[in-house]
Amino acid sequence: MVSAAVTTRAPGRGWRQRWPRWVRPAAVLWAAGYAGFGLVCARGGTPLLYLGETPGPSALGWAVVVVGSVAAVTCHAVGRLGMRPALRLVLWATCLLAGLAAFGLLMDVITLTFGQGVDSAVAATHHALAAVGAPLLAATARSARRPSEVTVTPPPSTASRPVQLASWAGSLSFLPYAAMKLTWATGGTFAGISGEEMLAVSERNGASGIWLTLESWGLDGTVLLAALGVLLLWGLVRPWGQAFPRWTWRLSGRRVPRWLPLTPALIGAATLAPYGVLGVGYATLATADVVTMPRGDFPSPGDALLVAWIGLAAFAVYGVALAIAARSYWTRTPPRREHPEAWRVPSSG
């Protein structure tokens with residue numbers, strides 16, 4: 001009996017499996033473009049940050065120039081010198097800064113989805129550019145692996161019980177918010193303001209035709225988005241978020257690309273968690289009469305505070321739950337690295 005060795009190829013030979021080769025040049029191109037964008041804005045005095053309707057200092061464009069330049073030089077150094085601990089640290093630092101700069105992208109996407117204009121096209125472009133750069137820099141920091149290694153995709157799994165409990169909390173947190181919004185959408189009155197008055201406020205604030213049409217049908221756009229957010233949350237913790245379920249027809253059984261749920265999850269968590277948590281902190285101070293809650297379009301500051309508590313608490317709990325679920329998905333789904341010997345299967349002949 002003579003034994004022989006059969007080597008099984010690593011699954012997948014497409015461009016996604018070759019990402020360690022192309023992601024660094026892509027990061028260099030992005031960093032150069034990001035630095036150039038910041039330079040144009042800084043030289044032209046164009047603000048990249050808005051606090052409500054108040055523009056921030058145009059000098060922040062120079063910070064974008066610095067981040068883009070450092071990222072470009074670091075990615076180039078990785079190509080020349082290989083991945084060093086110091087270079088990896090700089091890549092993660094610039095990745096964090098790019099992620100912080102992308103704050104507000106979710107709000108831009110929501111307003112554009114319903115046909116409304118963003119507050120600033122330049123600021124929205126900055127959010128989008130930063131959101132593209134953050135994963136490129138993170139992938140570059142993780143791209144150093146030995147060529148002898150192959151990857152094995154783990155089977156679909158369910159998140160731990162604490163993560164699922166967090167998902168339940170994030171899902172249930174939207175119930176008071178949805179009840180409030182649907183009360184207005186169906187013509188009811190809440191917090192001293194009727195559905196007709198809320199619709200007039202939306203028209204006065206420049207709501208799009210799509211938004212107003214949904215309102216006339218008794219539907220609220222933010223409630224529909226909340227339902228999609230809950231679907232995303234459970235996709236991160238259940239096995240069907242890693243392999244398409246049977247009800248997806250032709251996609252049934254195929255592997256879900258990791259970036260597909262993680263991209264909106266990371267954007268949503270990075271936006272909603274800090275927005276909600278800081279907002280809850282402000283609402284707490286307003287409840288204790290330390291600060292004043294603006295009345296806005298509501299009859300009294302107390303009505304405005306009630307609505308703020310319902311909305312901000314939902315965003316805070318859901319945002320934190322989404323971050324927990326995204327981390328669980330991230331740690332459960334990375335391809336395992338193995339040496340080719342692990343793929344050798346002895347056979348007899």
Listed pairs under 3.5 Å, donor-acceptor, residues 172-181 side chains, sequence neighbours left out:
unit_1, atom_1, unit_2, atom_2, d
S173, OG, G170, O, 2.7
Y177, OH, T222, OG1, 3.1

Can you list the residues that meet the side-chain hydrogen bond (donor to acceptor under 3.5 Å, both in side chains) rule with [X], with sequence neighbours excluded?
X	result
W30	none
Y275	none
S300	D303
T158	none

Exercise. Hey, are W309 and T287 close enough side-chain-wise for a donor-acceptor pair under 3.5 Å?
Worked result: yes

Exercise. Just by distance, with hydrogens left out, do S328 and R332 show a side-chain donor and acceptor under 3.5 Å apart?
Worked result: yes

Suppose clustering is done on Ile, Leu, Val, Met, Phe, Trp and Tyr with side-chain heavy atoms closer than 4.5 Å. Which residues sit in the same group as [X]?
X	value
W92	none
L29	none
V70	V66, V90
V73	none

For this session: Please test V64 against C41 for side-chain contact (heavy atoms from CB on, under 4.5 Å), starting from the C-alpha separation and ending with a verdict.
Result: CA-CA 9 Å; V64 173; C41 293; over 6 Å; no

Are [Y] and [X] co-members of a hydrophobic cluster defined by side-chain heavy atoms under 4.5 Å apart?
X	Y	answer
L266	L137	no
V78	L96	no
L97	V65	no
V122	L39	no
Y282	V317	no

Exercise. Between A32 and A72, what is the shortest heavy-atom contact and its length?
Worked result: N-CB, 4.4 Å

Exercise. Of all heavy-atom pairs between T140 and A27, which one has the smallest distance, and what is that distance?
Worked result: OG1-CB, 3.5 Å

Exercise. Is there a side-chain contact (heavy atoms from CB on, under 4.5 Å) between F190 and L306 once you walk through the steps?
Worked result: CA-CA 10 Å; F190 183 82; L306 173 61; 3.9 Å; yes

Which atom pairs, one a donor and one an acceptor, fall under 3.5 Å between side chains of residues 251-258 and the rest of the protein, sequence neighbours left out?
unit_1, atom_1, unit_2, atom_2, d
R255, NH1, P154, O, 3.0
R255, NH2, P154, O, 2.7
R258, NE, T333, OG1, 2.9
R258, NH2, W330, O, 2.9

Can you give me every donor-acceptor pair (side chain of residues 232-246, partner residue at least two apart or in another chain, under 3.5 Å) with its distance?
unit_1, atom_1, unit_2, atom_2, d
W234, NE1, S171, OG, 2.9
R238, NH1, Q164, OE1, 3.4
Q242, OE1, S157, N, 3.4
Q242, NE2, S157, O, 2.8

Exercise. Say you draw a straight line from CD1 of I324 to CG of L165; how long is it, rounded to the nearest 0.5 Å?
Worked result: 10.5 Å

Problem set entry | Any pair counted as side-chain hydrogen bond (donor to acceptor under 3.5 Å, both in side chains), so long as it reaches residues 33-44, sequence neighbours left out | Y34-H126

For this session: Say whether, by atom type as modelled, one donor and one acceptor occur between the side chain of H76 and the main chain of V28 under 3.5 angstrom.
Result: no

